[in-house]
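Scroll down for the structure; my scribbles are underneath it.
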Amino acid sequence: MRIYNSETRRKEPFKPREEGRVALYVCGVTAYDVSHIGHARAAVVFDVLVRNLRANGYTVVFVRNFTDVDDKIINRAAEENRSSEEIAEQYIEAFREDMSRLDVLRADFEPRATEHIQDMQAIIGKLLDTGYAYATSEGNVYFRVRSFPDYGTLSGRDVEELKAGIRIDPDDEKEDPLDFALWKRAKPGEPSWSSPWGEGRPGWHIECSAMSEKLLGIPFDIHGGGQDLIFPHHENERAQSMAASGGTFARYWMHNGYVQVESEKMSKSLGNFVTVEDVFREHPPEVLRFFLLGKHYRSPLDFTWPAMQDTEKALKRIYQARMNMSLALEQSGGKDTPLPEEITQEAGQLMQESQDHLDDDLNTAACMGHIFSLIRLGNRILENKGWRRSTQGRELLQSVLEHIRSTGDILGVFHKDPATFLDELRRFKAEKYGVDLEEVQRLIRERQEARQNKDFSRADALRDQLAEMGITLQDGPQGTDWDME
RNA sequence: GGCGGCAUAGCCAAGCGGUAAGGCAGAGGUCUGCAAAACCUCCAUUCUCCGGUUCGAAUCCGGAUGCCGCCUCCA
């Protein structure tokens with residue numbers, strides 16, 4: 001596999017620290033609000049990474065944390081007159097529910113910051129001993145950025161330039177405005193823990209340093225997160241951990257791009273947040289997942305509702321094709337019509353390349369392009385009666401079908417039972433538009449009778465009536481099927 | 001102001017020096033009582049613009065324009 005390493009700004013061959021085993025840490029969410037589609041993208045991207053590593057035969061130890069002590073949680077708790085613990089618990093559950101619907105696998109470890117206060121204090125202590133950090137009389141502990149010469153390497157920033165851009169807070173007791181908090185003195189009413197430096201709580205960055213080292217050991221293989229975490233979060237994490245350990249922290253850094261809405265970043269001030277739940281009200285979760293994988297993970301992805309509509313159609317097409325191929329395979333074969341060599345070759349190439357694309361820095365979009373090409377190839381076999389019934393044709397169809405499904409297992413899309421998916425999609429829409437399924441079935445039966453009696457004007461009138469409900473009919477050999485929009 | 005990213009058909013999108021994947025929409029066709037669905041075929045001599053390097057550039061270099069992001073909490 002090849003992976004783009006944010007630190008070197010290059011695609012590099014991936015070699016884990018230990019043959020066959022991968023230690024992966026991804027920054028999770030701060031549990032103070034429901035998930036938006038940006039959270040979903042990060043989760044889905046790294047979920048595909050994990051699945052693909054496992055498909056490549058690696059044993060993966062995957063850690064994704066929850067930040068459960070933080071200003072935003074504290075503020076929210078104050079607003080709602082509840083405890084921080086309650087707020088964190090509520091949104092951790094909400095996150096898990098959303099991710100489960102998106103088919104995002106649980107991490108092997110999902111630590112919470114508050115479970116690792118001791119580990120954080122141990123690192124802070126070490127940094128104080130070695131002069132990389134200092135405690136103030138107030139009871140705050142800061143990291144001394146100037147003491148770590150490599151600071152800025154990850155985010156490509158120069159310390160001098162950073163300093164120029166920083167506004168100096170006159171009340172600040174930091175030695176240098178660039179220094180960041182490792183430990184924050186407790187304020188009344190806030191969650192706090194006792195420490196050698198007084199009552200307080202950890203800074204945000206130290207959480208990930210402590211949890212990753214504790215659960216994976218350092219250096220671990222891959223550290224992931226959203227692009228917005230590169231600075232300052234990951235830069236600071238890296239500085240702390242490297243200063244404390246004297247060695248490498250993460251061997252590869254991977255960052256996913258933003259999800260934008262109407263070409264702009266989602267933000268509280270613009271009020272353009274789209275939550276995962278918002279999307280789930282309009283489309284089945286798998287449609288969102290498919291959409292998120294439609295563009296390379298490092299590029300910005302623009303969310304629009306029409307794009308979701310297109311995505312749903314594309315996804316439906318894959319399931320439809322899988323179903324058509326399966327049905328053909330259920331019929332008898334045994335003919336010996338030869339399949340042109342080019343077809344077999346093309347299929348082999350497409351299957352190989354679709355996996356190669358995944359292995360090449362997770363190029364899901366290119367991979368899916370090849371899946372569609374395989375579908376067209378499969379359909380061409382289906383179209384040709386001789387090929388469809390020949391041993392060669394059926395064997396190829398079988399392997400194409402299997403390849404599509406196993407690729408779907410890695411991507412976490414189009415891998416369910418096709419009939420079930422298609423049926424669920426219809427039910428989803430029926431519910432969304434408030435259509436009564438009984439009523440639909442009744443009208444379809446009535447029309448069926450009219451058609452049998454060759455009363456086509458009656459049949460067409462019934463079809464129009466159903467069309468007004470948003471329902472289109474499909475007459476087939478086994479009866480009439482229906483669909484929405 | 002400093003740093004970084006992006007610009008490919010009506011829309012979305014892959015492409016990483018060898019002659020433009022794929023999806024949606026659109027057109028034609030097969031099928032059908034008529035439809036719909038499904039399927040097949042077609043759909044960018046050209047990659048924002050201007051220069052340069054090269055036998056060869058969407059891909060590399062320089063410049064211009066436009067959009068986005070980071071530098072403060074953020075996936």
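None of the values given here were measured: they were computed from a predicted structure. Every chain is numbered from 1 and lettered A, B, ... according to where its sequence line falls, protein lines coming before strand lines.
- Remark: the E207(A) side chain and the T67(A) side chain contain an N/O donor-acceptor pair separated by less than 3.5 Å.
- Rounded to whole Å, the separation between the P atoms of C42(B) and G22(B) comes to 10 Å.
- Rounded to a whole Å, the CD atom of E383(A) is 7 Å from the P atom of C40(B).
- Comparing G15(B), A75(B), G22(B) by their closest approach to the side chain of T30(A) singles out A75(B).
- Ion pair K265(A)/D302(A) not flagged as a salt bridge, since none of the NZ, NE, NH1 or NH2 atoms sits closer than 4.0 Å to an Asp/Glu carboxylate oxygen.
- C71(B) atom P lies 14 Å from atom CG of L154(A), rounded to whole Å.
- Nearest-nucleotide mapping onto RNA chain B: of E264(A) and P232(A), the residue sitting toward the 5' end is E264(A).
- Distance from the side chain of K11(A) is smallest for C16(B) among the nucleotides C16(B), A75(B), G23(B).
- When the side-chain nitrogen and oxygen atoms of K295(A) are compared with OP1 and OP2 of A13(B), one or more of them lie within a distance under 4.0 Å.
- The NZ atom of K313(A) sits 19 Å away from the P atom of G22(B) (whole-angstrom rounding).
- One side chain, H205(A) or N236(A), offers a donor N or O that lies under 3.5 Å from an acceptor on the other.
- Separation of the P atoms belonging to C55(B) and C3(B) is 35 Å when rounded to the nearest angstrom.
- One can place OH of Y258(A) at 13 Å from P of C73(B), the figure rounded to the nearest angstrom.
- G28(B) and A36(B): their P atoms are spaced 12 Å apart (whole Å).
- A salt bridge links R426(A) and D423(A); the closest N-O separation between the charged side-chain nitrogens and carboxylate oxygens is under 4.0 Å.
- C6(B) and G15(B): their C1' atoms are spaced 15 Å apart (whole Å).
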Sort me out a list of protein N/O and nucleotides 33-35 of chain B N/O pairs below 3.5 Å, or just none if empty.
residue	atom	partner	partner atom	Å
G33(B)	O6	R447(A)	NH2	3.4
G33(B)	O6	R451(A)	NE	3.3
G33(B)	N1	D460(A)	OD1	3.1
G33(B)	N2	D460(A)	OD2	2.9
C34(B)	O2	R463(A)	NH2	2.6
C34(B)	N3	R463(A)	NH1	3.0
C34(B)	N4	D475(A)	OD2	3.1
A35(B)	N6	D475(A)	O	3.3
A35(B)	N1	D475(A)	N	3.1
A35(B)	N1	D475(A)	OD2	3.3
A35(B)	N3	R463(A)	NH1	3.1

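- Rounded to an integer number of Å, the gap from CD1 of I230(A) to P of G2(B) is 21 Å.
- C43(B) and C11(B) have their C1' atoms separated by 15 Å, given to the nearest Å.
- Within the structure, a side-chain polar atom (N or O) of R317(A) is placed less than 4.0 Å from OP1 or OP2 of C24(B).
- Rounded to a whole Å, the CD atom of Q227(A) is 11 Å from the C1' atom of C6(B).
- Within the structure, every side-chain polar atom (N or O) of R9(A) is placed at least 4.0 Å from both OP1 and OP2 of G4(B).
- Candidate nucleotides C39(B), G22(B), C16(B) were compared by shortest atom distance to the side chain of F372(A), and G22(B) ranks first.
- Here the separation of A37(B) from G29(B), taken at their C1' atoms, is 16 Å to the nearest Å.
- Residue Y252(A) is tested with F220(A), F14(A), Y4(A) for a ring-ring contact (aromatic ring centres under 6.0 Å, His included); the sole match is F14(A).
- Checking the phosphate oxygens (OP1, OP2) of G15(B), a side-chain nitrogen or oxygen of N363(A) falls inside 4.0 Å.
- On the P atoms, G5(B) is 12 Å away from C60(B), given to the nearest whole Å.
- Take the nearest nucleotide of RNA chain B for N324(A) and for G28(A): the residue whose nucleotide is more 5' is N324(A).
- Taking atom C1' in both A58(B) and U48(B), one finds a spacing of 12 Å when rounded to whole Å.
- When the P atom of C70(B) is taken as reference, atom CE of M266(A) falls 12 Å away, rounded to whole Å.
- Counting to the nearest Å, the C1' atom of G4(B) and the NZ atom of K265(A) are 14 Å from each other.
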